[in-house]
Amino acid sequence: MRYNLEKYHGPSSKHTCPKCGRSKCFVYYVDNENNNQIIDPTCGKCDHIQSCGYHLSPKDYFAI
């Protein structure tokens with residue numbers, strides 16, 4: 001797979017969610033063929049699935 005969620009390396013590997021604004025709960029999608037660079041700061045998944053539910057996959061991001 002070319003795109004994966006960023007691997008967890010402790011609290012510093014989690015970021016602020018663009019939808020709910022909570023810190024340390026958002027994981028970026030990275031491009032495995034481009035030295036694990038993030039695709040975009042909005043392309044990722046929030047840990048708070050029940051309350052926030054934000055998830056922008058690479059497929060949806062590139063369709064925009």
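Note that this is a predicted model, so its numbers are computed, not measured. In this chain, residues are counted from 1 in sequence order.
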Is it the case that the side chain of [X] and the backbone of [Y] share a donor-acceptor pair, with hydrogens and angles ignored and the cut-off at 3.5 Å?
X     : Y     : result
Lys19 : Cys52 : yes
His15 : Ser13 : yes
Asn35 : Gln37 : no

>> Just verifying a value: how many Å separate Asp47 CG and Ile49 CD1, rounded to the nearest 0.5 Å?
In response: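 Between Asp47 CG and Ile49 CD1, I get 7.5 Å after rounding to 0.5 Å.
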
> Could you state the interatomic distance from OH (Tyr29) to CG (Leu56), rounded to the nearest 0.5 Å?
Replying inline: 8.5 Å

> Are Tyr28 and Tyr3 an aromatic pair by the rule of ring centers under 6.0 Å?
Replying inline: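 Centroid separation for Tyr28 and Tyr3: 6.0 Å or greater.
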
> Above 12 or not: heavy atoms from other molecules or residues under 6.0 Å from NZ of Lys45?
Replying inline: no

Taking all non-hydrogen atoms of both residues, which atom of [X] and which atom of [Y] are closest, and how far apart?
X     : Y     : answer
Val30 : Ile39 : C-CG1, 4.4 Å
Phe26 : Thr42 : CZ-O, 4.0 Å
Arg22 : Ser51 : NH2-OG, 3.4 Å
Met1  : Asn32 : O-ND2, 3.0 Å
Cys20 : Cys25 : SG-SG, 4.4 Å
Pro41 : Pro18 : O-CG, 4.4 Å

>> Pair His48, Tyr54 - check side-chain contact (heavy atoms from CB on, under 4.5 Å), show working.
In response: CA-CA 8 Å; His48 302 282; Tyr54 185 83; over 6 Å; no

